[in-house]
Asks: 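Please find one structure pasted underneath; my questions will follow.
Along the sequence shown, residues carry numbers from 1. Every heavy atom of this structure was used, including side-chain atoms; hydrogens, water molecules and symmetry mates were not.
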Amino acid sequence: MKCLFSGEETSSEEHVLPRWMQKRFSLANQTYNLPNGTTIAYRNAKVPAAQAHNTKFGEIEDRLSRGVATLQEVYLWAFKIHVGLIHRSASLRIDIRSPSSPNFWKLEGFGQEIWLFQKLYAIWSAGGTIQPDPFGTVLRMKALTPQLSFDFIHNMQSGTLFFQLGDEVLFVALYDQARAMTSNIARQFEHHRQVIAAAPADQQAEQAMIAQRVWACESAYFLYRSATGMSYITTDTMFSVVPPLDWPPTRQSDETEYRSFCLSFGLNLEHFGGEVGHLYKNLTRQDVRDLQTRGSLTENEGA
């Protein structure tokens, strides 16, 4: 097995979501949706990781658990989860009932993403410099929900991750070169807070949960449509992105693409409004079963 952090052979393993998080939010028996349409308990979501690297990265895990991690450390932690879930999914078969079924995907197809994570980790662990800081967008905000809760969304297409950890929300975009840090995305999140506060008290919890997912989905889709290439300069102790002279125009929303995109955020798009004015409902278990029956779930939607 090849180490998540370095690519070296190892027999040791690492939890994709750390044990402290599983314990704090009672996740051991909760499950995560996998790209082949099955689920896995968080406690079983493990990937290869050499002990030395596992211990070193544990410094970030510890600071995150105590609420003192820097934005760059939160970024690297989210990137580790992204790459960890790629590794875990690569070990799965398309049809888990058939020993001859091919694996869902091959790690080689994610070579650039894995290389970038391993490069950034190596520079961080050596005390080097990574620019921008954070390397991608990292937003930390007070959750909209009135109760402490846990939520996790991983969208492979856009390279974005959304977490609710108690009373805090984290939104991380891995590849936008921190572009969204200076956008109005955070202000849009706060707009939802005002709407929820005006709702009846017995409806606020449900409205807040779906509002957070809608916000994360729309933000991720905007970044996905705005994606551009990355130019960089790197040494053994430095990685620096060279920002483009001009950002490319954001391409228009596509209804079929967006309807598919919404699924990994647990949303069923009821009405497509173009750039704004969409209507959503929560994706139900029956919705998922219907999509699987029709063969409409793709590898990205399962994530």
Side-chain angles (χ1 to χ4, degrees), residues 1-32 40-91 107 110 113-140 148 150-154 159-174 236-239:
M1 300 188 298
K2 293 189 179 296
C3 173
L4 168 81
F5 297 103
S6 65
E8 64 191 283
E9 289 293 329
T10 182
S11 59
S12 302
E13 290 185 315
E14 142 101 347
H15 285 89
V16 177
L17 287 190
R19 282 177 290 186
W20 67 262
M21 185 174 291
Q22 295 182 43
K23 182 177 180 180
R24 184 175 299 177
F25 298 106
S26 303
L27 302 179
N29 294 318
Q30 294 191 40
T31 58
Y32 170 79
I40 187 173
Y42 282 109
R43 68 176 185 278
N44 295 327
K46 300 177 183 179
V47 291
Q51 186 60 50
H53 298 305
N54 198 353
T55 300
K56 180 63 179 176
F57 201 82
E59 297 174 14
I60 289 180
E61 300 277 12
D62 175 66
R63 285 194 283 274
L64 188 73
S65 71
R66 294 186 286 114
V68 296
T70 66
L71 295 184
Q72 193 74 285
E73 290 169 339
V74 173
Y75 173 86
L76 289 171
W77 175 75
F79 207 164
K80 184 219 67 169
I81 292 175
H82 174 72
V83 173
L85 290 172
I86 288 174
H87 273 257
R88 187 67 183 91
S89 297
S91 69
L107 284 179
F110 299 89
E113 294 177 71
I114 293 171
W115 173 85
L116 179 59
F117 169 71
Q118 291 178 349
K119 181 69 174 178
L120 295 178
Y121 162 74
I123 291 172
W124 168 82
S125 63
T129 302
I130 299 173
Q131 292 294 334
D133 185 357
F135 195 75
T137 288
V138 179
L139 299 176
R140 305 181 71 166
L148 302 183
F150 174 84
D151 199 10
F152 171 52
I153 301 166
H154 176 219
T160 56
L161 300 95
F162 171 87
F163 306 85
Q164 181 175 352
L165 304 176
D167 64 352
E168 182 180 47
V169 157
L170 299 177
F171 178 80
V172 182
L174 299 176
D236 289 342
T237 58
M238 179 272 292
F239 198 109

Asks: Between Glu13 and Asn54, what is the shortest heavy-atom contact and its length?
Replies: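 That would be O-ND2, 3.4 Å.
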Asks: To check you understand the geometry: which heavy-atom pair defines the closest contact between Cys3 and His53, and what is its length?
Replies: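 Minimum heavy-atom contact is SG-CD2, 3.9 Å.
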Asks: Could you tell me if the side chain of Phe163 sits less than 4.5 Å from the side chain of Leu161, heavy atoms only?
Replies: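 When only atoms from C-beta onward are counted, Phe163 and Leu161 do touch, with a gap below 4.5 Å.
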Asks: Report the relative orientation of the aromatic rings in Trp124 and Phe57; use parallel for angles under 30°, tilted for 30 to 60°, perpendicular for over 60°.
Replies: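 If you compare the ring of Trp124 with that of Phe57, the planes turn out perpendicular.
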Asks: Considering only heavy atoms from C-beta outward, does the side chain of Phe152 approach that of Leu27 to under 4.5 Å?
Replies: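 Not touching, per the 4.5 Å side-chain cut-off.
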Asks: Any side-chain heavy atom of Gln164 sitting closer than 4.5 Å to one from Leu148?
Replies: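 No, side chains not in contact.
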Asks: Do Gln22 side-chain atoms and Leu17 backbone N/O form a donor-acceptor pair below 3.5 Å?
Replies: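 Side chain of Gln22 to backbone of Leu17: a pair is present.
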Asks: Looking only at heavy atoms, what is the nearest atom pair of Val16 and Lys80, with distance?
Replies: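 Looking at all heavy atoms of both residues, the shortest contact is O-NZ, 3.0 Å.
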Asks: Nearest 0.5 Å, what's the OG1-CG distance between Thr70 and Leu76?
Replies: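 Between atom OG1 of Thr70 and atom CG of Leu76 there are 8.0 Å.
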Asks: Supply the atom-to-atom distance Arg43 CZ to Arg19 CZ, rounded to the nearest 0.5 angstrom.
Replies: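 Those atoms lie 14.0 Å apart.
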Asks: With a 6.0 Å cut-off on ring centres, are Phe239 and Phe135 close enough?
Replies: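 Ring-ring flag for Phe239/Phe135: true, centres closer than 6.0 Å.
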Asks: Can you tell if the side chain of His154 reaches within under 4.5 Å of the side chain of Ile81, non-hydrogen atoms only?
Replies: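 No - every pair of side-chain heavy atoms lies 4.5 Å or more apart.
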Asks: Take Gln51 and Thr55 through the test side chain to side chain donor-acceptor pair (under 3.5 Å) and record every step on the way to the result.
Replies: CA-CA 6 Å; Gln51 186 60 50; Thr55 300; 3.2 Å; yes
Asks: Look up atom CG in Leu170 and atom CG in Leu64, then write down how far apart they are to the nearest 0.5 Å.
Replies: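 Answer rounded to 0.5 Å: 7.0 Å.
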Asks: Using every non-hydrogen atom in the two residues, find where Asp236 and Ile123 come nearest and quote the distance to one decimal.
Replies: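 Nearest pair, atom of Asp236 first, then Ile123: O-CG1, 3.7 Å.
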Asks: Kindly indicate, with the supporting measurements, whether the criterion side-chain contact (heavy atoms from CB on, under 4.5 Å) is fulfilled by Phe110 and Val83.
Replies: CA-CA 9 Å; Phe110 299 89; Val83 173; over 6 Å; no
Asks: Are Glu14 and Glu61 close enough that some pair of their side-chain heavy atoms sits under 4.5 Å apart?
Replies: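 Heavy-atom side-chain distance check passes, below 4.5 Å.
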Asks: Have a look at Tyr121 and tell me which of Trp77, Phe5, Phe79, Trp115 forms a ring-ring contact (aromatic ring centres under 6.0 Å, His included) with it.
Replies: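 It is Phe5, the one option of Trp77, Phe5, Phe79, Trp115 that forms the ring-ring contact (aromatic ring centres under 6.0 Å, His included) with Tyr121.
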Asks: Got a salt bridge between Glu8 and Lys2, using NZ or NE/NH1/NH2 to carboxylate O under 4.0 Å?
Replies: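 No, no charged N to carboxylate O under 4.0 Å.
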Asks: Which heavy atom in Tyr75 sits nearest to a heavy atom in Ala173, and how many Å separate them?
Replies: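 Closest approach of Tyr75 to Ala173, heavy atoms only: CE1-O, 4.0 Å.
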Asks: Looking only at non-hydrogen atoms, find the nearest pair between Ile130 and Asp133 and report the distance.
Replies: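 Between these two residues, the closest heavy atoms are O-CB, 4.0 Å.
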Asks: What's the spacing between Lys46 NZ and Asn44 CG if we round to 0.5 Å?
Replies: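 It is 6.5 Å, given to the nearest 0.5 Å.
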Asks: Look at the rings of Phe25 and Phe150 and say which category their plane angle falls in: under 30° parallel, 30 to 60° tilted, over 60° perpendicular.
Replies: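 Tilted: the ring planes of Phe25 and Phe150 meet at 30° to 60°.
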Asks: Measure the CD1-OG distance between Ile60 and Ser65 for me, rounded to the nearest 0.5 Å.
Replies: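 Reported to 0.5 Å precision, the distance equals 12.0 Å.
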Asks: Hey, would you say the His82 and Phe117 ring centroids sit under 6.0 Å apart?
Replies: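 No: the rings miss the under 6.0 Å criterion.
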Asks: So how far is it from Leu165 CG to Arg24 CZ, rounded to the nearest 0.5 Å?
Replies: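 Here the rounded value is 8.5 Å.
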